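Take a look at the structure set out below.
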Amino acid sequence: MKTLIRKAEVVVTMDGTRREIAGGDVLIEGGVILAVGQDLAGEGAEIIEARGCVVTPGLINTHHHLFQTLTRAVPAAQDAALFGWLRTLYPIWARMTPGDIRLSAQIGLAELALSGCTCSSDHLYLFPNGARLDDSIEAATEIGIRFHATRGAMSIGESKGGLPPDSLVEDEAAILKDSERLIAAFHDPNPGAMVQVGLAPCSPFSVSTGLMRDAAILAREKGVRLHTHLAENDEDIAYSLQNFGMLPGDYAESLGWTGDDVWHAHCVKLSDKEIDLFARTGTGVAHCPCSNARLASGIAPVRAMRDAGVAVGLGVDGSASNDCSHLGLEARQAMLMARLKNGPAAMGAREALEIATLGGARVLGRSDLGSLAPGKRADLVLWDVTELATAGEWDPVAALVFCAPMRPKSVYVEGRAVVRDHHLLTADPQKLNEQARAATKRLANG
């Protein structure tokens with residue numbers, strides 16, 4: 001079945017020349033883009049009229065903790081920095097059930113889809129009361145967006161000098177065994193994959209050096225990607241210097257955690273030397289500007305990273321440190337934070353949109369995503385720029401970022417509609433909200 005998206009206000013291709021096609025069409029079939037241009041022939045195709053809409057590639061989220069969706073705006077954690085924030089929330093997360101993990105993922109992914117996201121990673125690093133990464137993967141399959149599930153882990157508890165409580169850490173041999181199981185069960189290495197698996201020990205302050213090294217060895221043996229938190233704030237840097245005698249980037253390099261199959265979250269405090277290391281090795285970064293501001297971690301040196309050639313994508317981060325999952329808002333915040341750090345010309349709207357699409361695809365190693373071009377997967381978004389939110393705009397493409405957050409009119413993943421006329425087609429938001437209220441009440445009551 002062919003689908004022709006016809007007569008868009010502008011088609012933003014993000015192709016090699018960054019073409020923007022006024023009155024453009026996109027022809028898709030079988031989950032793949034066949035052609036992009038003007039006045040395309042659509043005999044036998046379903047016609048989607050896109051007048052008044054800007055069409056973009058789907059937005060890509062490179063860092064999230066979906067399990068945190070049930071712990072938004074927790075009073076005791078609202079005004080804390082990273083380490084204190086974590087210590088407040090760990091006991092609540094320890095009470096979560098497998099059903100809570102699945103529900104959290106459903107809600108977070110539904111929210112992402114309604115923000116124009118077509119592909120999301122997830123970093124699940126705690127597994128209370130029998131929870132498994134399988135729970136989140138099932139939720140992603142139901143919502144219908146691409147999912148890069150990473151098997152996180154914590155193995156060093158408070159009694160051994162780590163940050164998390166001992167009740168939330170796991171045996172390292174069991175972590176590696178489960179990692180192998182998940183890769184065998186769910187990882188699809190092929191273009192167009194709906195589910196991929198990566199390995200993601202949580203952070204240098206919650207796992208051992210041995211687990212970091214063993215995870216890197218296993219990931220390369222199995223051909224999957226690596227992900228962790230790195231250089232997020234001043235406390236993070238101090239911990240690395242005190243415990244490892246080196247900066248976080250150097251520590252990562254010493255354990256095999258640099259390369260084009262690795263991406264690190266945050267990297268707010270990377271030095272110029274570490275930025276050069278990441279550029280030379282092809283190591284990617286998930287930039288989470290809203291979370292970084294929420295926790296007062298700082299402003300990541302994204303301009304310096306981009307200028308050096310580092311692959312940078314956007315991440316909404318967990319819903320307990322953001323506290324929403326809207327990638328358009330993240331793109332706007334990335335632009336504003338870059339300007340706050342480096343001046344008003346430091347980042348434009350189109351570059352922010354590029355980071356949200358093509359940048360995310362590069363960070364996740366998805367050469368099949370991130371642009372609208374023949375042969376790429378049919379992940380795209382229609383944004384209605386005739387609505388009140390953009391009334392008075394002079395540049396509809398820039399308005400997607402400057403006027404964010406915007407609601408996408410339609411979202412397609414692998415050529416299938418997930419959102420149509422602003423409505424999620426794959427789940428009932430009202431039902432999810434009712435279930436969330438019951439779950440948060442139970443978690444709050446212990």
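The analysis underlying the following values was restricted to heavy atoms, covering all of them including side chains, and did not include hydrogens, waters or symmetry mates. If you're wondering where the values come from, they're calculated on a predicted model, not measured in any experiment.
- You'll find the ring centres of His266 and His63 inside the 6.0 Å limit.
- With respect to Lys2 and Glu43, no salt bridge is recorded, no charged nitrogen being found less than 4.0 Å from a carboxylate O.
- Counted by atom type alone, Asp323 and Ser319 present zero donor-acceptor pairs between their side chains at under 3.5 Å.
- Atom CG of Asn190 has more than 12 heavy atoms from other residues, nucleotides or ligands within 6.0 Å.
- Under a 4.0 Å N-O distance rule, the pair Arg220/Asp261 qualifies as a salt bridge.
- A heavy-atom distance below 4.5 Å is not found between the side chains of Arg95 and Arg442.
- Taking the six-membered ring where the residue is Trp, the centroids of His123 and His227 are separated by under 6.0 Å.
- Taking 4.0 Å as the cut-off between side-chain N and carboxylate O, Arg366 and Asp379 do not count as a salt-bridged pair.
- Side chains of Ser371 and Leu358 form a contact here, defined as non-hydrogen atoms less than 4.5 Å apart.
- Residues Asn233 and Leu295 have side chains not in contact (no heavy-atom distance under 4.5 Å, counting atoms from C-beta outward).
- Annotation: His229 is in aromatic contact with His65 [ring centroid separation under 6.0 Å].
- With salt bridges taken as basic N to acidic carboxylate O contacts below 4.0 Å, none links Glu274 and Arg280.
- Salt bridge annotation for Glu235-Lys269: absent, with no cationic side-chain nitrogen under 4.0 angstrom from a carboxylate oxygen.
- Looking only at side-chain heavy atoms (C-beta outward), Thr150 and Trp263 come within less than 4.5 Å of each other.
- The shortest distance between side-chain heavy atoms of Ile145 and Cys119 does not fall below 4.5 Å.
- When side chains are defined from C-beta on, Phe278 counts as touching Leu230, because their heavy atoms get closer than 4.5 Å.
- Side-chain contact between Glu20 and Val11 is absent, with no heavy-atom pair separated by less than 4.5 Å.
- Thr56 and Trp383 share a side-chain donor-acceptor pair at under 3.5 Å.
- Residues Asp317 and Ser291 have side chains that bring a donor and an acceptor to within less than 3.5 angstrom of each other.
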Listed pairs under 3.5 Å, donor-acceptor, residues 126-134 side chains, sequence neighbours left out:
unit_1, atom_1, unit_2, atom_2, d
Asn129, ND2, Ala94, O, 3.1
Asn129, ND2, Met96, O, 2.7
Arg132, NH2, Asp134, OD2, 3.4
Asp134, OD1, Arg181, NH2, 2.8
Asp134, OD2, Arg181, NH1, 3.1

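- At a threshold of 4.0 Å, the pair Lys409-Glu387 does not count as salt-bridged, since none of the basic side-chain nitrogens sits closer than that to a carboxylate oxygen.
- Every residue two or more places apart in sequence or in another chain was checked for a side chain to side chain donor-acceptor pair (under 3.5 Å) with Arg225, and none qualifies.
- Trp93 and Thr71 share a donor-acceptor pair across their side chains, judged by distance under 3.5 Å alone.
- Using a cut-off of 4.0 Å between Lys/Arg side-chain N and Asp/Glu carboxylate O, Asp39 and Lys7 are scored as salt-bridged.
- Under the 4.0 Å criterion applied to side-chain N and carboxylate O atoms, Arg6 and Glu46 are not assigned as salt-bridge partners.
- No donor-acceptor pair under 3.5 Å is formed between the side chain of Ser115 and the backbone N or O of His326.
- Nearest heavy-atom pair, Leu27 versus Ala45, reported as atom, atom and distance to 0.1 Å: CD1-CB, 4.5 Å.
- Between the side chain of Thr390 and the main chain of Val385, a donor-acceptor pair closer than 3.5 Å is present.
- A pairwise comparison of heavy atoms in Cys202 and Thr228 identifies O-OG1, 2.9 Å as the closest pair.
- By the 4.5 Å heavy-atom criterion applied to side chains, Leu218 and Glu180 are counted as neighbours.
- By the 4.0 Å N-to-carboxylate-O rule, Arg102 lies close enough to Glu138 to be salt-bridged with it.
- Residues satisfying the side chain to side chain contact (heavy atoms under 4.5 Å, CB included) test with Ala153, not counting sequence neighbours, are Arg151, Glu170, Ile175, Leu211.
- Shown here for Gly315 and Thr62, the closest heavy-atom pair between the two residues is N-OG1, 3.9 Å.
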